[in-house]
Amino acid sequence: MKVLLTLQDVEPAVRINALLEQDGVDTALVSPLDDIRSALKREKPDIIVFSGDLADPATTAIVKEQLWEGAAAVGLTDLRDPAQLDRLRTLGFVDVFTKPVNPSEVVDSLRRILDRRRLQQLTGLIGESDGMREVMVQVAQMAPVSSTVLIEGESGTGKELVARAIHLLSNRRSKPFIAVNVGALPETLLESELFGHEKGAFTGAAERRLGRFELADTGTLFLDEIGEIPSSTQVKLLRALEERELMRVGGTQPIRVDVRVVAATNQPLRELVEEGGFRADLFYRLNVLRIYLPPLRERPEDVPTLVRRFVQDYSKRHLRPFRGISAEAMQLLMDYPWPGNVRELRNLVESMVVLAPDHEIQPGDLPRHIREGGSARLLPVHIGPIVRGQQSASGRELEFIVRSLLELKLQVEDLRRQIDSPRIDNARIGDARIGDSGNGAPLGLGGWIGEGHVSGASATPTPSSVAAIEPRDQPPPPNVVTIPPGTKMADIERSVIEAALKETRGNRRRAAEMLGIGERTLYRKIKEYRLPEYEYAE
């Protein structure tokens with residue numbers, strides 16, 4: 001790891017350099033911008049510390065270039081205006097310190113950046129968002145122990161990368177890491193794949209075979225899509241986790257194994273337990289340590305970092321030059337909801353590298369669905385255990401039909417409410433009129449705010465549009481919340497969430513979209529306020 005410091009401000013740079021050298025960090029001091037460019041040709045630093053005029057075009061050009069090379073930029077500046085500091089961060093600075101700087105604080109920040117980069121290089125986990133930083137901290141905390149870990153997250157978020165990171169940072173790093181996708185194995189073969197079988201145990205068992213547990217002995221076993229494991233195998237898996245021993249299919253003697261199990265799921269296992277599709281005792285045995293991997297739409301600030309990393313990888317792999325991406329095109333990528341998460345972004349970047357034009361990527365070069373913002377709406381339906389229990393193609397077809405019918409039903413209900421809802425022209429929130437833009441110009445909002453739509457503005461109401469509506473001429477519909485002065489914030493939050501649940505008939509995903517929060521956050525709030533959302537479900 002190497003840190004390059006510029007000498008526009010000599011005193012702080014020299015003191016920071018001395019502290020870094022005491023920690024054993026490789027450093028270099030350079031002065032004018034020409035010297036920086038010469039130094040960058042000779043070596044590739046991990047961090048560059050800039051001082052002086054950070055907004056100078058020559059400096060920002062170097063920052064932009066080094067972002068594509070993978071180097072982080074930290075700035076020391078005389079600016080104090082928060083808006084100007086935020087602009088510097090948008091230009092690519094990971095951290096900015098206002099002078100006079102405390103060298104110890106700067107060095108602490110540089111240490112954290114270096115630690116994250118070491119972890120990213122070792123594990124492939126990439127991101128500077130709060131959510132990803134929390135994941136990295138959890139990985140570092142959980143890796144040294146042997147407790148079972150449950151990783152929850154949507155498909156494409158990188159759950160196997162997290163599992164491998166846990167293994168690589170543990171004392172089992174030199175031992176086997178065995179990954180098995182439980183959902184991809186048929187029920188008739190799953191038990192044999194996990195626990196092995198003896199010769200002659202069943203038709204076709206011509207010889208003894210070791211299972212994945214034995215192959216991972218003294219190492220780590222990664223069970224992906226654990227929510228798909230059939231109930232008949234759940235009991236045997238529970239015993240293997242509890243007793244640390246297994247019985248091969250057709251065997252008579254128990255076999256002791258020393259395996260650390262890391263499981264992953266893209267389904268909410270707690271809900272599966274409530275539905276009866278997953279054993280509660282197995283869930284609690286797996287859920288010793290838990291990591292939640294946020295989807296990409298919850299951490300859009302990680303998109304530029306991921307794009308730059310994927311561009312580096314695919315440019316090198318395909319031997320293709322890449323001219324970069326304009327700020328407007330990058331903003332479109334950050335605004336897109338990425339239903340396929342990091343996997344979808346990685347595939348898009350590979351196609352951009354292979355098919356890149358001879359100029360910087362502009363908005364018009366992006367696929368149409370990304371330019372138009374895609375569709376962040378996912379069908380808010382959980383198929384119950386009866387449908388989930390169907391493992392055949394007919395079961396998957398039935399699930400598709402149910403989802404399609406429910407989607408159509410939701411669309412029809414939305415349309416009916418838009419047609420039937422009374423107009424609201426003089427509604428107000430406290431002293432503010434709904435329908436005014438703030439300068440006296442009407443916004444043309446029609447329909448009751450809180451009825452699940454706002455005609456003329458957005459098809460999905462914002463959290464503020466669900467609360468505190470006081471019509472002047474006619475009573476509000478049932479799901480409008482009136483907030484008198486002096487109401488506590490906790491009571492306001494509870495009332496708004498309850499109104500959203502009523503509006504969506506208990507549909508948590510639609511309620512979360514209406515409120516502008518994540519579904520897991522809404523689920524936690526429901527439990528916190530003990531809201532009986534099931535009462536509103538159809």
Side-chain angles (χ1 to χ4, degrees), residues 70 119-129 131-136 139 150-168 177 179-185 222-228 262-268 291-318 320 322 325 329-330 332-356 361 365-379 396 400 509 518-520:
L119 184 59
Q120 290 171 355
Q121 292 177 4
L122 179 64
T123 65
L125 294 174
I126 303 170
E128 296 293 338
S129 64
M132 283 306 296
R133 290 184 184 184
E134 181 179 353
V135 169
M136 293 179 189
V139 167
L150 178 63
I151 306 170
E152 293 186 312
E154 297 179 5
S155 295
T157 50
K159 297 186 290 295
E160 185 169 346
L161 276 178
V162 174
R164 290 184 180 275
I166 293 173
H167 175 73
L168 290 172
F177 176 88
V180 54
N181 189 326
V182 176
L185 295 173
F222 175 56
L223 300 177
D224 198 7
E225 306 301 347
I226 192 66
E228 302 291 342
V262 179
T265 178
N266 62 3
Q267 306 179 53
I291 295 177
Y292 169 64
L293 196 53
L296 193 54
R297 65 179 174 275
E298 292 183 6
R299 48 188 182 99
E301 61 269 38
D302 284 340
V303 170
T305 305
L306 289 165
V307 169
R308 288 189 287 266
R309 176 62 178 269
F310 294 150
V311 165
Q312 294 172 30
D313 294 343
Y314 289 122
S315 294
K316 185 182 300 183
R317 180 183 304 180
H318 300 299
R320 294 291 184 93
F322 192 74
I325 301 177
M330 185 66 79
L332 287 176
L333 295 179
M334 295 177 65
D335 293 339
Y336 182 66
W338 298 108
N341 289 298
V342 179
R343 182 184 292 119
E344 182 184 3
L345 175 62
R346 184 180 65 236
N347 293 340
L348 174 69
V349 171
E350 182 174 10
S351 69
M352 288 196 302
V353 170
V354 173
L355 304 174
I361 295 292
D365 298 318
L366 298 177
R368 178 178 178 181
H369 68 282
I370 292 180
R371 297 198 306 270
E372 295 178 353
S375 175
R377 182 178 183 182
L378 301 176
L379 183 60
R396 293 193 295 272
F400 173 76
R509 189 182 295 274
E519 188 177 356
R520 293 181 182 274

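Computed over heavy atoms, backbone and side chain alike; hydrogens, waters and symmetry mates excluded.
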- Message: Could you measure the distance from the CE atom of Met136 to the CG atom of Leu125? Nearest 0.5 Å is fine.
- Response: 5.5 Å
- In this structure, CD1 of Ile370 is separated from CG of Leu345 (nearest 0.5 Å) by 8.0 Å
- Task: Check the side chains of Asn341 and Thr157 for a donor-acceptor pair under 3.5 angstrom, ignoring hydrogens and angles.
- Result: no
- From Arg309 CZ over to Asp302 CG, what is the distance, rounded to the nearest 0.5 angstrom? 13.0 Å
- Write down the atom of Phe222, the atom of Ala163, and the distance for their closest heavy-atom approach. CD1-CB, 3.5 Å
- Salt-bridged, Arg297 to Glu154, with N to O below 4.0 Å? yes
- Distance, nearest 0.5 Å, that separates CE of Met330 from CG of Asp335: 12.0 Å
- Message: Is there a side chain to side chain contact (heavy atoms under 4.5 Å, CB included) between Leu296 and Glu344? Walk through the geometry before answering.
- Response: CA-CA 10 Å; Leu296 193 54; Glu344 182 184 3; over 6 Å; no
- Can any side-chain N or O of Arg371 pair as donor or acceptor with the backbone N or O of Leu332 at less than 3.5 Å? no
- Item | Candidate pair Ile126 and Val342, rule side chain to side chain contact (heavy atoms under 4.5 Å, CB included), full reasoning | CA-CA 10 Å; Ile126 303 170; Val342 179; over 6 Å; no
- Which atom names give the shortest non-hydrogen contact between Val139 and Ala165, and what distance separates them? CG1-CB, 3.9 Å
- Task: Take the angle between the ring planes of Phe177 and His167 and call it parallel below 30°, perpendicular above 60°, tilted in between.
- Result: tilted
- Query: How many angstroms lie between atom CD of Glu152 and atom NZ of Lys159, to the nearest 0.5 angstrom?
  - Reply: 10.0 Å
- Min side-chain heavy-atom separation Gln312-Phe322 under 4.5 Å: no
- Item | Listed partners of Glu301 passing salt bridge (charged side-chain N to carboxylate O under 4.0 Å, His left out), at least two apart | none
- Query: Atom CG of Asn347 and atom CE of Met352: how far apart are they, to the nearest 0.5 Å?
  - Reply: 11.5 Å
- Task: Provide the closest heavy-atom pair for Trp338 versus Leu333 in the form atom of the first, atom of the second, distance.
- Result: NE1-O, 2.8 Å
- Query: According to the interplanar angle, ranging from 0 to 90°, do the rings of His318 and Tyr314 count as parallel (below 30°), tilted (30 to 60°) or perpendicular (above 60°)?
  - Reply: parallel
- Query: Do Val135 and Pro294 have side chains that get closer than 4.5 Å, going by heavy atoms?
  - Reply: yes
- Task: Go through Glu160 and Arg164 one step at a time and tell me if the salt bridge (charged side-chain N to carboxylate O under 4.0 Å, His left out) criterion holds.
- Result: CA-CA 6 Å; Glu160 185 169 346; Arg164 290 184 180 275; 3.1 Å; yes
- Query: Which heavy atom in Arg299 sits nearest to a heavy atom in Ser129, and how many Å separate them?
  - Reply: CB-OG, 3.5 Å
- Message: Testing the basics here: between Arg320 and Val353, what is the closest heavy-atom pair and its distance to 0.1 Å?
- Response: CB-O, 3.9 Å
- Considering all heavy atoms of both residues, which atom of Pro367 and which atom of Leu348 are nearest to each other, and what is their separation? CG-CD1, 3.7 Å
